[in-house]
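Encoded as structure tokens, the structure appears first; notes follow it.
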Amino acid sequence: MKKHLTLLTTFVVALISILPISNASAETAWRYWSYWQLNDGTWEMAMTGAADVKAEDGQVQGWRYITAGMEVTADLAPRTDETFETICADVEKKDGIARVALVVDFGDASDYSNPDDIENLQSSATSCVEINEGDPSSLLLGSEFEVREETGMVCGVNNLPATGCGEEVEIPATEEPELTTTSLEGEVEDDEGNLLINLGGALAAVGIGFFIYKKFKKN
């Protein structure tokens, strides 16, 4: 009996060894206009909407069209080396008026699905916006750019993208190193393209193993 189980176990091992193992997957992401604030020289994605941020003199605020999942990293912040001093250098301070440096980054071609949007993709732009101190910062973007909104959400800036709002997409997730196993002959099987062939061989191996097990059991 022990010998029979050993034979069956050998074929089960063969089944496992010839099936490729892959950790490739995808995650849900969205394409949207993200809102940022520059604090002490570091871009931080705002935790509230622009309507809830009061305009103050000396602020640097930014928008960037991005493709991102649940986690938004610093490399998706607006891309510029300019500061408040350079953007608002020629604008004098007035009583009761806040000067806010505004940065708009239209993202990359890979962030758009419509060919017309890609063809009309614009370079990043900066502007020094004057607004009443304490007014909601949501007024800044619309004072300098054409803004398309839906239910209070910024969907398009200067017609980019021309349609849609918060488009959902699938992006490749970070892949973990693939696991490979060794067959009974010592060969490494790691070609996912042979999945069907391997699966057929695996089923055949199990069938043969079960046949041998039944044959020896009768004896």
Side-chain angles (χ1 to χ4, degrees), residues 25-39 41-55 58-91 97-132 135-174:
S25 60
E27 66 174 313
T28 301
W30 295 266
R31 290 171 173 157
Y32 63 97
W33 278 98
S34 56
Y35 173 52
W36 301 75
Q37 295 170 304
L38 189 66
N39 296 315
T42 301
W43 282 110
E44 297 175 356
M45 190 170 179
M47 295 294 100
T48 61
D52 297 320
V53 178
K54 294 182 178 180
Q59 288 177 330
V60 180
Q61 300 189 28
W63 293 83
R64 179 177 171 181
Y65 194 66
I66 63 173
T67 302
M70 296 302 294
E71 293 187 11
V72 180
T73 55
D75 62 329
L76 294 177
R79 295 165 292 187
T80 183
D81 295 328
E82 295 194 66
T83 63
F84 173 81
E85 288 73 21
T86 59
I87 296 174
C88 293
D90 299 328
V91 181
I97 300 298
R99 298 167 300 167
V100 179
L102 183 64
V103 179
V104 176
D105 186 333
F106 291 91
D108 299 316
S110 59
D111 295 315
Y112 296 87
S113 58
N114 190 319
D116 290 338
D117 290 336
I118 297 174
E119 183 178 350
N120 297 321
L121 187 59
Q122 302 174 31
S123 301
S124 298
T126 61
S127 179
C128 186
V129 184
E130 295 182 278
I131 188 173
N132 292 328
D135 277 359
S137 294
S138 54
L139 300 175
L140 297 169
L141 190 61
S143 68
E144 299 293 316
F145 300 88
E146 179 184 347
V147 178
R148 178 172 60 86
E149 295 184 356
E150 291 182 16
T151 62
M153 179 178 179
V154 174
C155 301
V157 179
N158 280 4
N159 211 36
L160 287 170
T163 60
C165 195
E167 180 184 5
E168 184 176 316
V169 295
E170 293 291 328
I171 59 175
T174 302

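Legend: residues meeting ring pair (Phe, Tyr, Trp, His ring centres under 6.0 Å) with Phe145, ordered by chain and number and at least two apart, are absent. Taking Ala46 as the reference, Tyr35, Gln37 meet the side-chain contact (heavy atoms from CB on, under 4.5 Å) condition, with sequence neighbours excluded. Partners of Thr42 by side-chain contact (heavy atoms from CB on, under 4.5 Å), not counting sequence neighbours: none found. Tyr65 pairs by the ring pair (Phe, Tyr, Trp, His ring centres under 6.0 Å) definition with Trp33, Tyr112, not counting sequence neighbours. Contacts of Glu82 classified as side-chain contact (heavy atoms from CB on, under 4.5 Å), with partners at least two apart in sequence or in another chain: Thr80, Thr86, Ile87, Thr126. Asn114 is linked by a side chain to side chain donor-acceptor pair (under 3.5 Å) to nothing, counting only residues two or more places apart in sequence or in another chain. With sequence neighbours left out, the side chain to side chain donor-acceptor pair (under 3.5 Å) criterion links Trp36 to Ser34. Residues satisfying the side chain to side chain donor-acceptor pair (under 3.5 Å) criterion with Thr83, sequence neighbours excluded, are Glu85. Contacts of Asp90 classified as side chain to side chain donor-acceptor pair (under 3.5 Å), with partners at least two apart in sequence or in another chain: none. Every residue meeting the side-chain contact (heavy atoms from CB on, under 4.5 Å) condition with Asn132, not counting sequence neighbours, appears here in chain and number order: Ile97, Asp135.
Identified under the salt bridge (Lys or Arg N to Asp or Glu O under 4.0 Å) test for residues 42-55, with sequence neighbours left out: none. Counting only residues at least two apart or in different chains, salt bridge (Lys or Arg N to Asp or Glu O under 4.0 Å) contacts with residues 138-162 comprise Arg148-Glu150.
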